[in-house]
Number of protein chains: 2
Amino acid sequence: MTDDLRPAGTPTLEDVAKAAGVSRATVSRVINGVRNVDPVIQEAVRRAVALTGYAPNRAARSLVTRRTDAIALVVSGAGVEPEPEAEETAPPADADGAEAGGGASFTGQVFADPFFGRVVTGVVNYLRPRGMHPVLMFAETSRAREDVVSFLRQGSADGALVVSTHAEDPLPGMLTDAGLPAVLYARPARAARISYVDVAHQDGARLAAEHLLARGCRRIATITGPLDVPAVQERLAGFRDTMARNGHPYIAIAEGRFTQESGEAAMERLLTEHPDLDGVFAANDLMATGACHVLRERGKRVPEDVAVIGFDDSSAASACRPPLTTVRQPVEAMAAEMARLLIERLSKPEGAATSVIFEPSLVVRESA
Amino acid sequence: MTDDLRPAGTPTLEDVAKAAGVSRATVSRVINGVRNVDPVIQEAVRRAVALTGYAPNRAARSLVTRRTDAIALVVSGAGVEPEPEAEETAPPADADGAEAGGGASFTGQVFADPFFGRVVTGVVNYLRPRGMHPVLMFAETSRAREDVVSFLRQGSADGALVVSTHAEDPLPGMLTDAGLPAVLYARPARAARISYVDVAHQDGARLAAEHLLARGCRRIATITGPLDVPAVQERLAGFRDTMARNGHPYIAIAEGRFTQESGEAAMERLLTEHPDLDGVFAANDLMATGACHVLRERGKRVPEDVAVIGFDDSSAASACRPPLTTVRQPVEAMAAEMARLLIERLSKPEGAATSVIFEPSLVVRESA
DNA sequence: CTGAAAGCGCTAACAC
DNA sequence: GTGTTAGCGCTTTCAG
């Protein structure tokens with residue numbers, strides 16, 4: 001109403017420059033904190049920014065800097081998919097979920113594991129102070145994987161952080177083939193020239209084995225994850241190895257799929273074959289929780305009759321009754337490290353791929 | 001090695017145009033599926049695209065279209081924050097989590113509720129087929145809220161989908177004040193000219209009440225969520241109302257905070273004051289799960305001695321022992337509708353704010 | 001230390 | 001039906 005010299009749309013650098021009586025270049029320098037700008041002018045510019053309510057346009061900036069300050073956080077699925085995945089835990093899970101039916105069960109299932117929440121937390125906490133943001137993507141079908149690749153090729157994000165739920169995930173390979181910066185959570189099944197963070201699975205399994213042994217368990221079994229996953233093999237190897245060294249050459253095993261339900265089924269199989277077992281190590285907390293349920297239903301007390309140890313230390317561990325003794329994976333720190341590695345790679349694209357391995361720790365609660 | 005006429009960097013429209021022997025404009029038309037392009041030329045262009053490995057640059061496109069095809073998916077927190085939130089459920093939750101200490105507990109806690117996973121699923125499933133993507137943000141401090149606003153003002157995303165965890169969240173107001181497109185999950189505490197989706201809380205509570213009554217419960221209590229949240233008040237009102245109509249003018253209540261732990265504490269209080277109760281309605285599944293744990297520890301059988309009903313039908317409901325009878329909120333569909341409303345608003349910015357209310361349903365399992 | 005000017009890669013009028 | 005052209009808003013040499 002007063003002096004409508006200020007343009008209609010959202011203010012641009014030009015407007016601020018005009019208001020401050022300087023050039024666009026100078027305003028740009030002030031905004032980007034470039035040195036060599038007269039303090040007096042800096043102040044004038046700041047005032048003009050406040051006055052105009054200026055906010056730099058990301059697209060314009062991105063166009064010249066070739067950076068978006070966004071990274072893709074992708075949860076990646078199986079290598080082969082028989083169309084929309086059939087398996088799912090909760091029957092009503094797909095009752096709604098928009099018209100895009102395919103994938104609903106995958107995404108629903110994935111986030112049922114509190115593990116992913118920790119990954120998100122770690123990533124966001126690292127990114128945020130750096131003015132960067134994660135774009136959430138799911139890559140459970142080959143179509144979805146293509147989408148991730150083209151998303152990155154379009155320069156929509158500077159790189160990708162990928163968490164695979166299955167072995168033989170082709171996404172990491174696709175990414176490196178396309179020369180796109182990426183960092184993985186966990187070592188890929190097929191070796192690739194790509195950075196990753198991981199936990200020392202064998203050490204974690206050893207911790208679990210020793211704890212079970214120390215508390216006097218003698219008839220011990222383990223519920224593994226899908227056996228084609230490298231991490232699962234390592235946990236199994238570490239567990240068996242420690243057991244063997246301590247006079248237990250044979251360990252009963254049952255394979256699960258990291259879901260609570262599969263943990264229940266595995267526990268039932270184990271109990272049928274070995275009704276007298278007194279110790280169980282499950283490859284994640286969800287399956288350990290399922291095991292506890294079944295044990296209780298079969299009249300076994302945990303830990304008095306059967307001790308149970310999980311893996312991850314996700315929220316499922318403390319939510320379980322009894323609270324689970326578990327092998328803690330420092331997920332948040334690992335996720336943050338993934339982000340750090342990726343950003344480092346962005347600044348020097350020619351750096352070699354590296355891996356960072358974290359040490360797990362045993363969190364003793366009540367189940368063992 | 002053969003004919004290096006093709007430029008070094010990533011190919012641009014110009015390169016494709018050259019390769020196809022047409023103008024940039026034509027290539028652009030083909031790529032954007034604009035009609036009025038000779039089929040023969042279309043084919044030539046497609047070949048050139050494949051040949052060059054062209055991928056359109058989003059920033060450049062965004063600069064002119066004024067759209068990013070990204071939307072902010074924000075999980076928003078309290079209205080007032082005494083610095084980094086102090087409360088947290090699991091002690092080890094902040095043991096790591098990068099150097100950015102503040103907020104770690106918030107984000108960790110938030111994703112412990114499987115409810116959010118369902119929201120993410122619904123949003124992604126709606127957005128994905130439309131070539132759009134969600135950028136995940138947390139807004140638990142005033143600083144973080146400012147960040148969300150400036151993120152949008154910079155044109156980094158076309159609009160926001162916000163899920164508030166507390167009443168009196170100032171974010172929705174900030175967004176509308178700034179004229180930024182946004183849609184909420186759940187009705188805001190203070191009325192605002194902003195679209196939202198919600199579930200008919202009273203109806204849901206009525207369903208729970210009637211079920212409890214029908215199975216013969218007579219000494220009934222409820223565990224509510226934070227009483228300053230409108231949804232919580234509505235569930236309580238609906239529950240009390242139905243009870244009152246059926247000859248139960250008084251209902252014992254205990255307030256929780258939507259966490260499993262708070263549900264346990266609430267159940268303990270209830271049991272102390274009313275050792276003989278035979279039915280409990282909890283305002284979410286996590287608290288219902290906590291209630292079940294406490295009841296079992298106190299030697300009460302569920303549902304024989306005490307029937308328990310939850311709310312949400314999150315994965316926690318089926319994971320609980322016994323599996324929870326619960327009031328299902330069609331979260332995925334609601335989240336998808338949020339996205340739909342936002343996108344609709346983007347295409348016609350002047351449309352009035354609307355709300356869409358979904359009907360809940362009762363899912364009968366074993367706990368009641 | 002500051003300004004002028006040249007694009008970044010793309011879309012959208014507007015001609016032809 | 002297709003090409004020409006003018007920017008979108010910003011960063012960044014390069015002069016001065």
Side-chain angles (χ1 to χ4, degrees), chain A residues 6-46 48-49 52-69 131 150-156 158, chain B residues 6-46 48-49 52-69 131 150-156 158:
Chain A
R6 120 192 86 145
T10 45
T12 71
L13 257 198
E14 183 74 51
D15 302 325
V16 179
K18 203 162 296 176
V22 297
S23 73
R24 291 209 307 268
T26 299
V27 177
S28 176
R29 290 189 186 103
V30 173
I31 287 178
N32 294 298
V34 177
R35 56 188 182 290
N36 295 342
V37 179
D38 188 313
V40 178
I41 292 193
Q42 280 197 36
E43 197 37 45
V45 169
R46 283 189 217 300
V49 167
T52 54
Y54 172 74
N57 179 304
R58 278 246 215 190
R61 174 179 289 178
S62 182
L63 186 54
V64 30
T65 61
R66 264 100 216 312
R67 292 256 301 183
T68 61
D69 286 341
S150 73
F151 185 75
L152 290 165
R153 296 208 340 127
Q154 295 184 3
S156 304
D158 301 331
Chain B
R6 115 193 89 142
T10 44
T12 71
L13 256 198
E14 183 75 52
D15 302 325
V16 179
K18 204 161 298 178
V22 297
S23 71
R24 293 208 307 269
T26 299
V27 178
S28 177
R29 290 188 186 104
V30 173
I31 287 179
N32 294 300
V34 177
R35 55 188 181 288
N36 292 343
V37 179
D38 187 313
V40 178
I41 292 193
Q42 280 197 35
E43 197 38 43
V45 170
R46 283 188 216 299
V49 167
T52 54
Y54 172 74
N57 179 305
R58 277 244 216 192
R61 175 180 291 176
S62 182
L63 186 54
V64 27
T65 60
R66 264 101 211 314
R67 293 256 302 185
T68 62
D69 287 340
S150 73
F151 186 76
L152 290 165
R153 295 210 338 128
Q154 296 184 5
S156 303
D158 301 331

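Below, chain A is the first sequence line, B the second, and so on; all start at residue 1.
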Check your understanding: In terms of side-chain geometry, is the basic nitrogen of A:Asp69 or A:Arg58 positioned less than 4.0 Å from the acidic oxygen of its partner?
Key -> yes
Exercise for review: Can you sort out the partners of A:Arg24 under side chain to side chain donor-acceptor pair (under 3.5 Å), two or more places apart, ordered by chain and number?
Suggested key: A:Glu14
Point to revise | All side chain to side chain donor-acceptor pair (under 3.5 Å) counterparts of B:Ser62, not counting sequence neighbours | key: none
Review point. Quick one: what's the B/S/- string for nucleotides 2-9 of chain D, heavy-atom cutoff under 4.0 Å, read 5' to 3'?
Key: BBBBB-BB
**Study point:** Integer-rounded Å distance: D:dT11 P and B:Gln154 CD
**Key:** 10 Å
Exercise for review: Compute the bend angle of the helix from C:dC1-D:dG16 to C:dC16-D:dG1 from the end axes (five pairs per end), rounded to 10°.
Suggested key: 30°
Point to revise | Contacts of B:Arg153 that satisfy side chain to side chain donor-acceptor pair (under 3.5 Å) - sequence neighbours left out | key: none
Show every donor-acceptor pair shorter than 3.5 Å between a side-chain atom in residues 36-44 of chain B and any protein atom, with sequence neighbours excluded, or say none if there are none.
{"unit_1": "B:Asp38", "atom_1": "OD1", "unit_2": "B:Val40", "atom_2": "N", "d": "2.7"}
{"unit_1": "B:Gln42", "atom_1": "OE1", "unit_2": "B:Arg46", "atom_2": "NH2", "d": "2.8"}
{"unit_1": "B:Gln42", "atom_1": "NE2", "unit_2": "B:Val37", "atom_2": "O", "d": "3.2"}

Check your understanding: Can you name the residues that form a ring pair (Phe, Tyr, Trp, His ring centres under 6.0 Å) with B:Phe151, not counting sequence neighbours?
Key -> A:His133
Practice item. Check side chain to side chain donor-acceptor pair (under 3.5 Å) between A:Ser23 and all other residues, then give those that pass, not counting sequence neighbours. Key: A:Thr26
Review point. A:Val64: what forms a side-chain contact (heavy atoms from CB on, under 4.5 Å) with it, not counting sequence neighbours?
Key: none
Exercise for review: With a 4.0 angstrom cut-off to heavy atoms of chain A, pull out the first and last contacting nucleotide of DNA chain C, in 5'-to-3' order.
Suggested key: C:dC1 to C:dG9
Check your understanding: How would you list, by chain and number, every residue that makes a side-chain contact (heavy atoms from CB on, under 4.5 Å) with B:Thr65, sequence neighbours excluded?
Key -> B:Arg61, B:Arg67
**Study point:** Heavy-atom check, side chain of B:Leu13 versus side chain of B:Ser28, under 4.5 Å
**Key:** yes
